[in-house]
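Presented below is the structure to which this report refers.
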Amino acid sequence: MSDHAETPSRGTDFIRQKVRADTAAGVYDGNVVTRFPPEPNGYLHIGHATAICLNFGVAEDFGGRCHLRFDDTNPEKEDEEYARAIQEDIRWLGFDWGEHLYFASDYFERMYECAVVLIEKGLAYVDSQPLEAIREGRGTVVQPGVESPYRSRTVEENLDMFRRMRAGEFADGTHVLRGKIDMAHPNMLMRDPVFYRIRHAEHFRQGDEWVIYPLYDYAHCLEDAFEGVTHSICTIEFENNRELYDWVLDNVGFQEPRPHQYEWAGLDLEHAVLSKRAILPLVKAGVVSGWDDPRLSTISAFRRRGVPPEAVRLLADLVGVSRAPARTEESKLEFAIREVLNPVAPRVMAVLDPIKVVLTNWDGTQPSELEAPYFPPDIDRPGSRMVPVGPELWIERSDFAEDPPKGFRRLVPGGEVRLRYAYVIRCDEVVKDESGEVVELRCTADLASRGGTTSDGRKVKGTIHWVDAGRAVDAEVRLYDRLFVDEVSEDENAEPLDPMDRLAPESLEVVHGVKVEPSVRKDDPETRYQFERVGYFWRDPVEGRGDTLVFNRIVGLKSGWRSPAKDAQARENGSDEGGKDRASGRSTGVSGRNEKSRKGGGPAPGTRPGVSEERSARRAADPALAERFRSYQEEMGLSEEYADLLSGRPETGDFFEAALAEHDDPETVSSWLVTDVRALLDGRTLEDLPFGGAEIGRLVGLVARGDVSRRAGKDVLARMAEDGGDPAEWVERLGLTRVGADELGPFVDRVLADWPDKVEAYRAGKTQLIGLFVGEVMKATGGAADPKAVRALLTERLDG
RNA sequence: UGGCCCGUCGUCUAAGGGCAAGACACCGGUCUUUGGAACCGGGAAUCGUGGUUCGAAUCCACGCGGGCCAACCA
């Protein structure tokens with residue numbers, strides 16, 4: 001596994017970058033605490049597995065710890081059994097939470113106290129509207145909500161009502177505790193969210209101790225804060241919840257450094273059936289055998305199928321971490337499984353669809369068994385077993401063709417093939433039954449070719465697997481394929497959802513009468529094999545560990561050859577299921593980046609580029625702003641876009657004009673404001689910046705007069721954004737006073753000498769390398785050179 | 001008719017003002033007693049339009065496309 005350390009995302013993904021930055025800055029005193037917080041209401045699936053890898057992985061990478069916390073705030077859905085299964089799954093994946101096992105329900109008392117704090121601050125109230133009224137009052141995404149008539153209850157009344165809610169005086173649904181935030185908030189979650197509801201239900205850990213239960217948005221952030229979590233990582237659908245997460249923590253009174261929430265996209269794996277909504281009916285209807293049916297994508301299904309935990313972790317590394325909505329191809333999972341299994345799975349022979357071969361020249365003087373190594377030469381592992389051999393053998397039906405397709409390398413009438421580890425045989429006669437079905441092949445063995453090499457040096461291309469007919473053991477083999485013919489829609493609004501209608505007819509193929517070499521009987525039942533030329537298999541842990549051998553196919557082998565006929569057929573019906581032997585079946589991906597790769601067109605007809613409706617509306621309401629909009633364009637000559645941006649709010653215009661007071665060049669100043677200053681806002685407003693318009697004006701002046709290069713000016717700006725201060729002082733402090741054009745020569749020569757191969761490439765036509773050279777010179781001068789002059793000099797030296 | 005987030009090879013990611021990189025998949029070759037593995041090679045991308053800049057995948061704006069949000073679920 002260690003040789004996968006080069007996977008690019010690991011260590012450089014945006015979450016780890018943030019954690020690294022925090023650690024370097026000494027936030028949280030260098031501690032890193034993450035958590036995996038499942039609700040114990042179902043089984044974990046492959047998506048959870050990647051989240052587990054992320055949370056535990058980040059903690060591991062930074063010497064921190066990762067908690068396992070059950071988010072058991074909803075008594076109606078949760079169960080001890082799920083909590084137990086979840087722990088088993090995480091351990092199986094190879095992660096350990098040590099003593100840090102927590103239950104959200106253990107914090108109920110502290111959460112209650114926090115709610116009292118909010119009520120006392122006038123930031124929470126008891127709402128006694130029925131559920132429907134609360135829902136309607138919330139408005140819609142395009143319409144503000146309306147305030148509840150109970151919103152103005154006094155603190156005393158709220159305190160009393162909340163206490164009585166807890167005391168069990170009210171029936172379910174009669175009252176809730178809500179945050180008092182803003183019923184017109186553009187983020188729906190901020191429209192007075194419900195924090196507590198009344199539920200007279202038995203909690204699997206708390207019994208009937210509580211009749212009020214906190215909701216996710218109120219509870220989760222507190223749980224993190226109680227535990228000292230530093231980085232609370234969740235999936236992207238919670239990004240709208242972050243604002244509320246922060247609101248609760250800040251208003252309850254948690255000071256920085258407190259936990260912060262970060263969202264990533266999570267895993268979406270092709271053909272994986274993940275949602276409880278999709279799986280439950282399948283289990284109930286008996287379409288699958290249970291939550292661990294190997295066709296599902298639960299962790300327990302993976303485990304039962306035989307997927308090694310290392311493969312799941314490798315998949316997580318391969319997929320990486322980002323915020324972009326994306327879907328991973330199934331082939332990546334298959335690669336991860338093969339990658340892990342190839343070096344460790346002993347090779348053994350099994351014939352799934354047997355046809356008899358009779359060796360007509362076998363006279364009984366040959367050895368009755370052969371030694372065969374468990375691993376091919378390229379895998380440096382010891383071990384071998386004896387393989388029985390005799391006059392009657394089984395080979396794979398698909399390894400014989402009476403009328404072979406082009407490129408077929410196996411047994412044909414009159415042709416030769418090698419039996420792996422054994423002899424080269426020639427097919428002399430094809431025996432058929434009355435229906436024309438081939439029932440037996442009569443062959444002669446080149447008895448001098450024992451071990452597989454011919455004595456006269458003639459080449460035999462094909463090698464096939466086989467087992468001795470007399471001593472083979474019978475087995476059942478289960479081949480799994482995807483459950484549905486199409487992608488399962490996880491969209492609950494999609495109407496034609498019923499998954500039952502889209503079940504693939506042969507997602508499970510049970511093959512009886514499989515012939516396996518007898519050595520497997522004595523092996524550890526946990527052994528994961530490679531059945532040579534067929535795939536990776538292990539004995540089903542539930543039904544295959546007794547006297548009868550039942551093998552699950554974990555994954556097929558990668559197939560390097562497709563018969564031309566089947567290939568053509570696959571192309572024709574648009575199937576991605578290529579023509580390979582049933583026994584080794586594999587799947588390749590159909591894909592599409594959410595259909596999103598459609599190239600964007602130009603501006604829609606009739607729209608006016610560059611002017612925001614929000615800002616237009618504000619100007620319509622404020623004549624002063626409207627006047628600025630006009631004068632910026634007509635008197636200063638700014639573009640409509642820039643004028644719009646700078647006249648959207650009074651503060652923006654003030655800032656701009658303060659800058660102009662220092663350096664009266666509207667065009668240049670506006671350009672700095674719109675592009676460079678806006679860039680470092682990142683959600684903040686101009687007023688949050690530790691400097692004002694005057695400082696920007698002075699900075700622009702410095703650059704305009706040529707005291708510093710524009711490049712250096714941007715460096716100064718970045719420092720000012722962090723620490724405030726005066727631009728001229730920063731120039732001094734950072735040593736950015738411009739290096740004159742006449743001093744540039746040595747720097748340029750040096751860079752050119754340091755990159756001889758790039759210089760050659762440049763002269764050969766790769767002119768974009770000029771950027772590299774300029775960048776290097778800039779670096780060498782500490783950013784103080786004027787890049788325009790550098791570029792000019794560089795071009796002169798390179799071209800001239 | 002809103003708010004927030006996201007658009008880089010077929011797919012998943014990297015680079016986050018200065019050489020568009022890696023992996024999977026695909027194609028070709030070498031080797032091979034697994035049509036496996038390994039090795040070598042190849043094709044293959046910055047959603048569009050403007051702007052800022054010596055230089056833009058990266059910063060700004062608009063557009064296009066995708067995701068999330070109106071449970072007393074999490």
Side-chain angles (χ1 to χ4, degrees), chain A residues 6-9 12-13 39 41 71 73-74 77 131 134-135 138-143 145 172-173 176 186-189 191 194 196-199 215-216 220 236-240 263 265 318-329 331-332 335 338 342 347 376 378-379 409 418 420-421 451-453 460 462-463 465 530 532-533 557-561 588-589 591-604 607-612 639 641 644-645 671 674-676 678-679 710-711 714 758 761 766 768-776 778 786-792:
Chain A
E6 80 278 13
T7 47
S9 61
T12 64
D13 63 76
E39 182 184 17
N41 71 341
D71 217 350
T73 57
N74 184 356
K77 291 161 58 182
L131 187 148
I134 290 178
R135 187 178 299 159
R138 192 143 30 220
T140 70
V141 289
V142 291
Q143 275 179 316
D172 289 4
V176 293
N187 180 352
M188 296 291 297
L189 289 167
R191 323 246 260 226
V194 175
Y196 273 92
R197 81 281 212 185
I198 302 172
R199 200 97 321 163
L215 274 90
Y216 171 85
H220 200 93
I236 198 87
E237 67 267 25
F238 288 97
E239 63 181 331
N240 297 316
E263 311 89 26
L318 253 22
V319 169
V321 179
S322 82
R323 289 175 68 84
R327 162 160 293 204
T328 295
E329 287 181 349
S331 62
K332 196 156 281 183
F335 167 81
R338 294 186 191 114
N342 176 50
R347 271 60 169 177
D378 55 293
I379 293 171
R409 281 207 226 149
R418 177 167 34 243
R420 175 123 240 231
Y421 308 118
T453 31
V460 177
T463 301
H465 59 280
Q530 185 193 105
E532 291 209 53
R533 303 208 309 130
L557 252 34
K558 185 172 168 170
S559 171
W561 184 77
T588 51
S591 44
R593 199 185 246 272
N594 292 329
E595 264 51 61
K596 78 184 168 199
S597 37
R598 238 183 310 290
K599 307 302 177 192
T607 60
R608 207 159 44 126
V611 175
S612 138
S639 67
E641 176 194 335
D644 171 49
L645 255 15
S671 150
V674 167
T675 57
D676 301 303
R678 273 181 86 89
R710 199 194 129 86
R711 162 62 174 257
K714 291 187 71 169
K758 299 294 182 186
K766 197 171 172 170
Q768 67 263 43
L769 282 169
I770 191 75
L772 170 69
F773 301 134
V774 175
E776 288 301 314
M778 293 304 293
D786 173 16
K788 212 184 293 186
V790 173
R791 193 188 187 95

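So that the names make sense, note that chain A is the first sequence line, chain B the second, and so on, each numbered from 1.
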| said: For A:D676, give me all partners under salt bridge (charged side-chain N to carboxylate O under 4.0 Å, His left out), at least two apart in sequence or on another chain. | reply: A:R710, A:K714
| query | In chain order, what residues pass the salt bridge (charged side-chain N to carboxylate O under 4.0 Å, His left out) check against A:E776, with sequence neighbours excluded? | reply | A:K779
| message | What is the distance, to the nearest angstrom, from the CG atom on A:N74 to the C1' atom on B:C73? | response |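 In whole Å, B:C73 C1' lies 6 Å from A:N74 CG.
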Test side-chain contact (heavy atoms from CB on, under 4.5 Å) applied to [X] - qualifying residues, sequence neighbours left out:
X: A:K332; answer: A:L315, A:L318, A:V319, A:T328
X: A:V460; answer: A:E416, A:R418, A:V424, A:T454
X: A:I770; answer: A:Y762, A:V774, A:R791, A:L794, A:T795, A:L798
X: A:P186; answer: none

Extract from the structure each pairing of a protein N or O with an N or O of nucleotides 39-44 of chain B at less than 3.5 Å, listing the distance.
none

| said: A:Y421: which residues meet the ring pair (Phe, Tyr, Trp, His ring centres under 6.0 Å) condition with it, sequence neighbours left out? | reply: none
| message | Could you work out, with ring pair (Phe, Tyr, Trp, His ring centres under 6.0 Å) as the rule, every residue matching A:Y196, not counting sequence neighbours? | response |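 Testing A:Y196 for ring pair (Phe, Tyr, Trp, His ring centres under 6.0 Å), a comparison that skips the adjacent residues, returns A:F162, A:Y218.
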| note | Those residues at least two apart in sequence (or on a different chain) that pass side-chain hydrogen bond (donor to acceptor under 3.5 Å, both in side chains) with A:N240 are none
| task | Mark yes or no for a side-chain to base donor-acceptor pair under 3.5 Å between A:N187 and B:C69, with no hydrogen or angle criteria applied. | result | no
| message | What does the B/S/- profile of nucleotides 51-57 of chain B look like, 5' to 3', with a 4.0 Å heavy-atom cutoff to protein? | response | BSSBS--
| message | At 4.0 Å (heavy atoms only), tell me whether A:R418 reaches a base, stays on the sugar-phosphate, or touches nothing. | response | base
| Integer angstrom distance from the P of B:G17 to that of B:U58 |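 Straight-line distance between the two P atoms is 11 Å.
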| task | Return one dot-bracket line describing RNA chain B 5' to 3' (Watson-Crick or G-U wobble pairs, both distances under 3.5 Å; ( ) same strand, [ ] crossing, | another strand, . none). | result | .((((((..((((....[..)))).(((((.......)))))....(((((..]....))))))))))).....
